[in-house]
Trainee: 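Questions regarding the structure given below will be posed in turn.
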Amino acid sequence: MSEPRPSSQDVQQHFTARAATYQGAGDETLAAMVEFAALAPEMVALDVATGTGAVAFELAPGVGQQGRVVGVDLTMAMLQRAAERRRASAAHAPERRVQLASADTTRLPFRDASFAVVACRFSVHHFTDAVPGLAEMARVLRPGGRLVIGEFCLPEDPDQAARFNHLERLRNPSHVEAFSESRLRALMADVGCPVRAVRHFTRQMTASSWASTANTSPEDEAEIRRLLRASLDDDQTGLAPVRDGDDIRLTRQDIILWGQRAG
Ligand SMILES: C[S@@+](CC[C@H](N)C(=O)[O-])C[C@H]1O[C@@H](n2cnc3c(N)ncnc32)[C@H](O)[C@@H]1O
C-alpha cells in the first residue's frame with residue numbers, strides 16, 4: 001500500500017485547522033513521560049512537537065526555578081494555544097517559565113548536547129521522515145541524557161501494520177507513518193539512544209470517537225468503517241475491531257519509551 005506521504009506544509013495545514021479544538025490525549029501517558037524524564041532542579045529539557053504544550057507544561061515543575069523547559073513546534077496555531085495556557089497560569093506557576101519557539105524537528109535551533117532530557121509525544125508519526133527528526137533530538141541531547149518518546153504502536157505483523165497506517169492516513173491526512181515497538185526501539189538505537197525502559201497502555205476507542213478527534217471527512221470516515229467492518233472476523237489491522245451497536249469498538253496500544261544518549 002504505497003501512498004503519497006504528506007509534506008510538512010500538509011502537517012501544518014492540518015494542525016492549524018485543528019488547533020482550536022485540539023485535546024492532547026491520555027493523562028496516563030503524560031504521567032509516564034514525566035516519570036521517564038526523571039527531571040531534577042536546574043535541568044534543561046526540550047519538548048519537541050509540543051503542540052499545545054501538554055508535555056512541556058507537565059515537565060515544568062520538575063526543573064524548579066533555576067531549570068528550563070523549552071517547547072518547539074512547526075505549527076504556529078498550536079504554539080499560540082500553548083502561549084494562551086501559559087498566560088492563563090498563576091503568576092509564579094511553573095508553566096510561566098516554559099519557553100515556546102517555532103522549529104522543525106529536522107533543524108532544531110540548538111547547539112549539540114544542550115539538553116538533559118528531550119521528550120516528544122504522539123508526533124513522530126507526523127514527521128515527514130522520522131530518522132532525521134530523531135537524529136536531531138539525539139544531537140541536542142547531552143551524553144547520558146534521556147530521549148523520552150510517546151507514540152501509538154503498530155502491530156508487528158507487516159500486513160496489519162500497513163493497513164493500520166492506511167486507516168490512520170484516511171482518518172488524519174497529516175499522518176505519515178507509525179511504527180511497531182521493535183521498529184521504534186531500532187530507530188532510537190540507530191540514533192544513539194538505546195531503549196532502557198518501556199511502558200504500554202491499552203486505549204479503548206470507538207470508530208466515531210477516533211474519527212471525531214481528527215477532522216476526518218464524512219467520506220473518509222465511511223471508508224474507515226467499511227474497512228473495519230471487513231476486518232471484524234480476522235482483525236486485518238491489529239485494532240481488534242468489535243461491533244458495538246452501530247459503532248465499532250477499537251483497541252490501540254500506546255507506548256512510552258526512554259533511551260539513553262550514549263556517552
Ligand atoms: C498530535 S500533536 C502532539 C502534540 C503534543 N506533543 C501532545 O502530546 O499533545 C502533533 C504535533 O506535531 C507537530 N509536528 C509535526 N511535524 C513536526 C516537525 N517536523 N517539527 C516540529 N513539530 C512537528 C504538529 O505541528 C503538532 O503540533
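Remember, it's a predicted structure, so these values are computed and weren't measured experimentally. Indexing begins at 1, ligand by ligand and atom by atom, following the structure's order.
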Trainee: Quick check on contacts: which atoms of ligand 1 are under 4.0 angstrom from a heavy atom of Ser123?
Mentor: 3 (C), 6 (N), 10 (C), 11 (C), 12 (O)
Trainee: Any donor and acceptor pair, going by atom type alone, linking the side chain of Arg261 with main-chain N or O of Leu147 inside 3.5 Å?
Mentor: no
Trainee: Looking only at side chains, do Gln160 and Thr237 share a donor and an acceptor under 3.5 Å apart?
Mentor: no
Trainee: Would you indicate which of Pro132, Gly51, Ala49 comes nearest to atom 14 (N) of ligand 1 when only heavy atoms are counted?
Mentor: Ala49
Trainee: Could you tell me, atom by atom, which parts of ligand 1 come under 4.0 Å of a heavy atom of Val11?
Mentor: 15 (C), 16 (N)
Trainee: Give the numbers and elements of all ligand 1 atoms closer than 4.0 Å to a heavy atom of Thr75.
Mentor: 24 (C), 25 (O)
Trainee: For Met78, which part has a heavy atom under 4.0 Å from ligand 1: side chain, backbone, both, or neither?
Mentor: side chain
Trainee: Are a donor atom and an acceptor atom from the side chains of Arg68 and Gln99 found within less than 3.5 Å of each other?
Mentor: yes
Trainee: Mark the output for Asp73 as yes if a heavy-atom distance to ligand 1 is under 4.0 Å, and as no if none is.
Mentor: yes
Trainee: Does His125 have its ring centroid less than 6.0 Å away from the ring centroid of Phe179?
Mentor: no
Trainee: Give a yes/no on ligand 1: does Ala103 have at least one heavy atom closer than 4.0 angstrom to it?
Mentor: yes
Trainee: Test the Arg252-Phe122 pair against the cation-pi criterion, namely NZ or CZ under 6.0 angstrom from the six-membered ring centroid and within 45° of the ring axis.
Mentor: yes
Trainee: Record the part of Asp104 in heavy-atom contact with ligand 1 below 4.0 Å; permitted values are side chain, backbone, both and neither.
Mentor: both
Trainee: If you measure from each non-hydrogen atom of Asp47 to ligand 1, which part falls under 4.0 Å: side chain, backbone, both or neither?
Mentor: neither
Trainee: Return the option from Val55, Thr105, Asn172 holding the heavy atom at the smallest distance from atom 20 (N) of ligand 1.
Mentor: Thr105
Trainee: Without swapping roles, check the side chain of Asn165 against the backbone of Ala162 for a donor-acceptor pair under 3.5 Å.
Mentor: no
Trainee: Can you find an N/O atom of Leu74 closer than 3.5 Å to an N/O atom of ligand 1?
Mentor: yes
Trainee: Hey, which atoms in ligand 1 end up nearer than 4.0 Å to a heavy atom of Phe122?
Mentor: 1 (C), 3 (C), 10 (C)
Trainee: With no hydrogens and no angle check, do the side chains of Arg96 and His92 hold a donor and an acceptor under 3.5 Å apart?
Mentor: no
Trainee: Looking only at atom types and distance, does a side-chain atom of His200 sit under 3.5 Å from a main-chain N or O of Asp254, one as donor and one as acceptor?
Mentor: no
